[in-house]
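See structure below.
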Amino acid sequence: MNRFKKLLFFRLKNMLGIPQLKYMMKNNEKSQLYLAGFLLLFLIVAASLLAPYFLILNFAYEATEILGDTTLFISLLTSSGQILLLFTGILYCFNSMYTSRDSEFLLSLPFPRGYLFLTSYVIAYIMNFFTSLLLLLPGLVVYLYKAGDAVVFVKGLVLSILYPIIPVSLSMIIVIPIMHILNRFKHKDIVATVAGFVLMVLFIASNMVFSSRMQEGQEAEFFAKLFSERIDLPKLTKGLVPYSAFMKEFLVNGKIGGATSFVVLAVLSAFVVIVAYMLCRRLYESLQQKIGHAGKKEKAVDIHAIKVGNPRLAFCKKEIKLILRSPVYALNCLLNIVLGPLAVISIFKLSTNSEEAVALDALVESFRDKPYVLLYIFYGFVMFLTSLNFAPSTTFSREGEHFWLTKVIPVPYVEQVKGRIYASVIFYLCCCVTMTVLLQFFIRLKLVYFLSVIVLILASVLQITYMSLAVDLIKPKLHWSTEAEAVRGISTR
């Protein structure tokens, strides 16, 4: 048991970055200022996420008041939280158990193999426990403030202990068989990339749809109409998350009924944990032995059959494959390719009946006799969202400590940079072309001005590419341990 604790605390401390934090706190003033700035940035981002979440929960509670049953708010809080925890648990388990780079190191440690799965399970529970607090606590605070029921708040804190167990166990049962299948393929990270893009598109699209349909000052009425006419909230919560009924009964019922529901929920959680352990432990251990041997066996290469190609195209393909194969690079560098078209559709299509849409249509029509103004608005909007692409501004930083290889490759530096420029221009054009076509569909510029916009955009894409490459070339971040650090380096610069 002592060895298990040592392994658990070792993995937990390294995952949370506690050694790095201690080093930064004891190091020079520059590191301490950097740590303080990071904490301040973290608090700002957390506040920016929690503030709209509190507003949504407040609107949902007011909607249940309109419907005459505030316990529906508890049902919505528990069931939606379980669904979100399942999705986040799947992503976390996939990243921490499959795409992590410490598998070979952990296998070499003098610990029983079963400890690897147990520590991974406990760490997944701990991380999802903090996530469940972020999901539960705001809802409990809203219910305490609105209903004045402190008992529900205290019971919610007790429930948070069991709250993430079932989603974590189900995510293990889902992820580990998928990992076995993916281990047969060479490029396993492509699945995480595609899944990340799909989730991001669904999140942004759903947020845009809700924000376009809700009118200011009538958010509670919108949710009440949604819960009463579009969906049957009690039936939906019981259908998607059947065991959430025990959570609701524990929170709102009295002593006997609440205690019974809590015991049933505890027994169900224990049963799911046992099933997950029996199903996943051996699969995970065998998978750890196979990691690093995925994909087809490489065939012998005939040196005489190798064809000499264009070095620019070779570097261009290398950049494109590197970004698309890495979930971190793809989701951080190519966000504007998804965000740009969705922003155009949201502005011009989803909010056709709102006051903002009417004002926007009036603005566009007022400049019909001054098409050059529409041309510059068109051009400015496209280039602003296009410039959010971080692919060229991290092209050298992504090489990391292997940057020295660019010096020994028998290709001139100019040719290497041109290949990187080609890849960056392709990513820029993916955003520009889709946004230009959509904007022309909604604004309908004259052909002459539309062609002028295209010429301006093509010329500006090259200039933005050159400037972004120059920023990364002047001060690249070549020393990093994770891919996220290479991408975050551009924000500090």
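We number each residue from 1, following the sequence as shown. Small disclaimer: the values here were computed from a predicted structure and weren't measured.
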> Taking all atoms of both residues into account, what is the closest heavy-atom pair of Ser424 and Pro392, and its distance?
Replying inline: OG-CB, 3.3 Å

>> Under a 3.5 Å threshold, yes or no: a donor from one side chain and an acceptor from the other, between Tyr163 and Thr78?
In response: no

>> Could you tell me if Asp472 and Thr395 have a donor-acceptor pair between their side chains, going purely by distance under 3.5 Å?
In response: no

>> If you compare all heavy atoms of Ala147 against all heavy atoms of Tyr61, which two are closest, and at what distance to 0.1 Å?
In response: CB-OH, 3.4 Å

>> When you compare the side chain of Gln82 with that of Leu85, does any pair of heavy atoms fall below 4.5 Å?
In response: yes

>> Under the criterion side chain to side chain contact (heavy atoms under 4.5 Å, CB included), I'd like the reasoning laid out for Phe262 against Leu162: C-alpha separation, chi angles, the key distance, then a yes or no.
In response: CA-CA 9 Å; Phe262 185 80; Leu162 298 178; 3.6 Å; yes

>> Nearest 0.5 Å, please: how far is OG1 in Thr386 from CE in Met435?
In response: 6.0 Å

> NZ of Lys318: more than 12 outside heavy atoms within 6.0 angstrom?
Replying inline: yes

> Are the side chains of Met127 and Val168 in touch, meaning some heavy atoms are under 4.5 Å apart?
Replying inline: no

> If you draw a 6.0 Å radius around CZ in Phe54, do more than 12 non-hydrogen atoms from other residues or ligands fall strictly inside?
Replying inline: yes

> Can you pull the side-chain hydrogen bond (donor to acceptor under 3.5 Å, both in side chains) pairs that have at least one residue in residues 130-143, sequence neighbours excluded?
Replying inline: none

>> Is it the case that atom CZ in Phe384 sees more than 12 heavy atoms from other parts of the structure closer than 6.0 Å?
In response: no

>> For the CD1 atom of Ile161 and the CG atom of Leu133, what is their distance to the nearest 0.5 Å?
In response: 10.0 Å

> Any side-chain heavy atom of Tyr53 sitting closer than 4.5 Å to one from Leu57?
Replying inline: yes

>> Could you walk me through whether Leu157 and Leu136 satisfy the side chain to side chain contact (heavy atoms under 4.5 Å, CB included) test, starting with their C-alpha distance in whole Å, then the side-chain angles of each, then the deciding distance to 0.1 Å, before giving a yes or no?
In response: CA-CA 8 Å; Leu157 296 179; Leu136 268 180; over 6 Å; no

> Which heavy-atom pair separates Phe390 from Arg398 by the least distance, and what is that distance?
Replying inline: O-NH1, 4.3 Å

> Between Ser169 and Val272, which heavy-atom pair has the shortest distance, and what is it?
Replying inline: CB-CG1, 3.3 Å

> Ile90 versus Leu86: any side-chain heavy-atom pair under 4.5 Å?
Replying inline: yes

>> Give me the atom names and distance for the closest heavy-atom approach of Phe73 to Gly139.
In response: CE2-O, 3.5 Å

> Would you say Leu159 and Leu265 make side-chain contact, with heavy atoms under 4.5 Å?
Replying inline: yes

> Between Ile66 and Glu62, is any pair of side-chain heavy atoms under 4.5 Å apart?
Replying inline: no

> Is there a donor-acceptor pair under 3.5 Å between the side chain of Lys155 and the backbone N or O of Asn253?
Replying inline: yes

>> Distance check, rounded to the nearest 0.5 Å: Phe381 atom CZ versus Thr436 atom OG1?
In response: 11.0 Å

> Is the shortest heavy-atom distance from the side chain of Cys431 to the side chain of Asn389 under 4.5 Å?
Replying inline: no

> Could you state the interatomic distance from CG (Leu268) to CZ (Phe246), rounded to the nearest 0.5 Å?
Replying inline: 7.5 Å

> Going through the checks in order, is the side chain to side chain contact (heavy atoms under 4.5 Å, CB included) test met by Ile320 and Cys316?
Replying inline: CA-CA 6 Å; Ile320 294 174; Cys316 176; 3.9 Å; yes

> Taking the side chain as C-beta and beyond, is there a heavy-atom pair between Tyr121 and Val273 under 4.5 Å?
Replying inline: yes

>> If I take atom CD1 from residue Ile123 and atom CG from residue Asn128, how far apart are they, to the nearest 0.5 angstrom?
In response: 12.0 Å

>> Using 0.5 Å steps for rounding, measure from the CE atom of Met172 to the OH atom of Tyr277.
In response: 12.5 Å

> Does Tyr243 reach the main-chain N or O of Val264 with its side chain, forming a donor-acceptor pair under 3.5 Å?
Replying inline: no

>> Can you give me the closest heavy-atom contact between Gly89 and Ser171, atom names plus distance?
In response: C-CB, 3.6 Å

